[in-house]
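I have placed the structure first, in the form of structure tokens, so that the comments after it can refer back to it.
Predicted model only: the values in this text are computed from it and were never measured. Only heavy atoms go into these numbers, but all of them, side chains included; no hydrogens, no water, no symmetry mates. Nothing fancy with the numbering, it's 1 onward along the sequence.
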Amino acid sequence: MISLRSNPSTAPPPREDAWITSYQKLLPHWHSVSLSHQHSTLPISISRVNQFDAARLDIEMSAMLKEQLVKVFSLMKPGMLFQYEPELDAFLEFLIWRFSIWVDKPTPGIALMNLRYRDERAVEIRENVRTGLEGPGLTVAQKMWYCIAAVGGQYIWARLQSFSAFRRWGDSEQRPLARRVWGLMQRIEGLYKAASFGNLLLFLYTGRYRNLIERALRARLVYESPNMNRAVSFEYMNRQLVWNEFSEMLLLLLPLLNSSTVKSVLHPFSKNKSSSSTEDDSICPICRASPTTPYLALPCQHRYCYYCLRTRCAAAPSFRCSRCSEPVVAMQRHSSIVEHKTHNQ
């Protein structure tokens, strides 16, 4: 006789106990996976175009500041400001550095591209970057070395080049020491250009460090925020492109136009006959002075200077009178008309 009563030792465990057991088994694996994701670095690519555009915008900003500063000294002795142009450039670059990088803020061009400087050495030590955008800014030492290299280095090199060109160190008549220094400068410049070209190739391949200063300081440009709104719309860019093309077309067509012809055509719309009749007929309508050698334009018989009327007629065969806008077919000396009238009387 088989008993239908089941053995309690062989009964299946309750459903709640099965869930708890599975949870306890999977919990260590879950912690390991979460920690691995937390300490892993998500590779992120910074747009190379944005980095180049930031450098270009900084150059344009420096040029705008320089233009405004030159206008301040426009009333001074001509050529005096040109002697101190390296000092002026260094001063403007120092101002941009002082109020941007030194106070942990991006330069104007870098800010427009939603970028900032990050100390890449500290990021490699921490190794807990999740999005690729975190990380501390530049240290005080990095900021100082950036100023020394970017501002002081460019100023010293510009001054050294201008001084050597003024002293003509490269001429064969100079002393051997001057020629050696000139040759050394040329070699240093060549090595710097070659290194800059190599850095450019590395930048295009990796997207890091636009110039040698950033590579030496390990100062990398990264995005300041994950979400970026385009500061310059395509509508503005289209208007700028249309305006540039229109300006180039005007520069091409303006030399082909005759200014005197255009002026004579627009003259009837700018002045009416009544205003021209009230003008003084004793002065030349071109140079606005009393004619020393007066000549009359025929057939309207308005008086001009000989040279003014002659040059206008030679430049434009269809020259029109500046007073009445009638075509000038001939010119005649004013005194001959006067003598003919007195003889008839």
Side-chain angles (χ1 to χ4, degrees), residues 40-63 86 89-90 92-93 96-97 100-101 106-127 129-139 141-161 164 182-226 228 230-232 237 241 244:
S40 63
T41 301
L42 183 66
I44 185 171
S45 178
I46 309 299
S47 175
R48 297 163 178 80
V49 177
N50 287 356
Q51 298 183 56
F52 276 129
D53 288 344
R56 185 61 186 174
L57 288 172
D58 287 335
I59 294 174
E60 294 293 337
M61 177 64 67
S62 179
D89 294 337
L92 294 178
E93 293 294 336
I96 295 176
W97 170 85
S100 59
I101 298 178
T107 61
I110 294 177
L112 287 175
M113 293 294 108
N114 188 33
L115 299 173
R116 68 176 182 90
Y117 275 119
R118 185 180 71 182
D119 187 6
E120 201 69 9
R121 299 173 302 176
V123 172
E124 292 179 357
I125 294 174
R126 292 172 60 180
E127 294 183 355
V129 180
R130 171 58 184 161
T131 64
L133 303 180
E134 294 85 351
L138 301 182
T139 61
Q142 286 177 317
K143 297 174 186 178
M144 294 298 298
W145 280 112
Y146 186 94
C147 179
I148 293 173
V151 181
Q154 292 182 4
Y155 166 70
I156 293 174
W157 184 254
R159 265 303 176 194
L160 189 59
Q161 281 187 330
S164 60
W182 177 261
L184 180 61
M185 290 176 56
Q186 296 299 317
R187 293 188 185 94
I188 292 175
E189 186 176 5
L191 291 175
Y192 178 77
K193 290 182 178 179
S196 299
F197 179 72
N199 181 80
L200 176 62
L201 296 179
L202 289 176
F203 172 75
L204 294 177
Y205 180 73
T206 61
R208 299 184 178 186
Y209 312 121
R210 299 173 301 174
N211 49 50
L212 295 176
I213 299 176
E214 294 179 357
R215 185 170 296 276
L217 298 177
R218 304 297 299 276
R220 186 188 176 188
L221 285 175
V222 296
Y223 290 121
E224 187 174 7
S225 61
M228 173 187 173
R230 191 178 184 87
V232 181
M237 295 175 65
L241 290 175
N244 288 338

Interatomic distance, [X] atom [atom1] to [Y] atom [atom2] [nearest 0.5 angstrom]:
X: Met144; Y: Leu138; atom1: CE; atom2: CG; result: 13.0 Å
X: Ile148; Y: Ile213; atom1: CD1; atom2: CD1; result: 11.0 Å
X: Glu189; Y: Met185; atom1: CD; atom2: CE; result: 7.5 Å
X: Arg208; Y: Leu221; atom1: CZ; atom2: CG; result: 12.0 Å
X: Leu112; Y: Asn50; atom1: CG; atom2: CG; result: 11.0 Å
X: Arg218; Y: Asp119; atom1: CZ; atom2: CG; result: 8.5 Å

Query raised in the report: Okay, side chain of Glu93, backbone of Ala150: is any donor-acceptor separation there less than 3.5 Å?
Result: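 No, Glu93 side chain to Ala150 backbone: no donor-acceptor pair under 3.5 Å.
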Requested in this report: Look only at the side chain of Tyr209 and the backbone of Leu217, and say whether a donor-acceptor pair between them is shorter than 3.5 Å.
Outcome: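 No; judged by distance alone, with no hydrogens or angles, the pair does not exist.
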Do [X] and [Y] touch side chain to side chain, with heavy atoms closer than 4.5 Å?
X: Thr139; Y: Arg121; value: yes
X: Pro108; Y: Leu57; value: no
X: Ile46; Y: Arg220; value: yes

Minimum heavy-atom distance [X]-[Y], with the two atoms named:
X: Tyr155; Y: Pro86; answer: CD1-O, 3.6 Å
X: Gly137; Y: Gln142; answer: O-OE1, 4.5 Å
X: Ser47; Y: Tyr223; answer: N-OH, 3.1 Å
X: Leu92; Y: Ser62; answer: CD1-O, 3.9 Å
X: Pro106; Y: Glu224; answer: CG-OE1, 4.5 Å
X: Ala54; Y: Leu115; answer: CB-CD1, 4.5 Å

Query - side chain to side chain contact (heavy atoms under 4.5 Å, CB included) evaluation trace for Leu202 with Arg215 - result: CA-CA 10 Å; Leu202 289 176; Arg215 185 170 296 276; 3.7 Å; yes
**Report entry** Non-neighbouring partners of Arg210 that pass side chain to side chain donor-acceptor pair (under 3.5 Å), sequence neighbours left out
**Finding:**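 Arg210: side chain to side chain donor-acceptor pair (under 3.5 Å) contacts with Tyr117, Glu214.
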Report task. Give every residue pair that meets the salt bridge (Lys or Arg N to Asp or Glu O under 4.0 Å) criterion with at least one member in residues 48-59, sequence neighbours excluded. Result ->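 Salt bridge (Lys or Arg N to Asp or Glu O under 4.0 Å) check on residues 48-59 returns Arg56-Glu60.
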**Report entry** Residues in ring-ring contact (aromatic ring centres under 6.0 Å, His included) contact with Phe52, at least two apart in sequence or another chain
**Finding:**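 Here the qualifying residues are Phe203.
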Query raised in the report: Does CH2 in Trp97 sit with more than 12 non-hydrogen atoms of other residues, nucleotides or ligands closer than 6.0 Å?
Result: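 Yes, CH2 of Trp97 has more than 12 neighbouring heavy atoms, counting only those of other groups under 6.0 Å.
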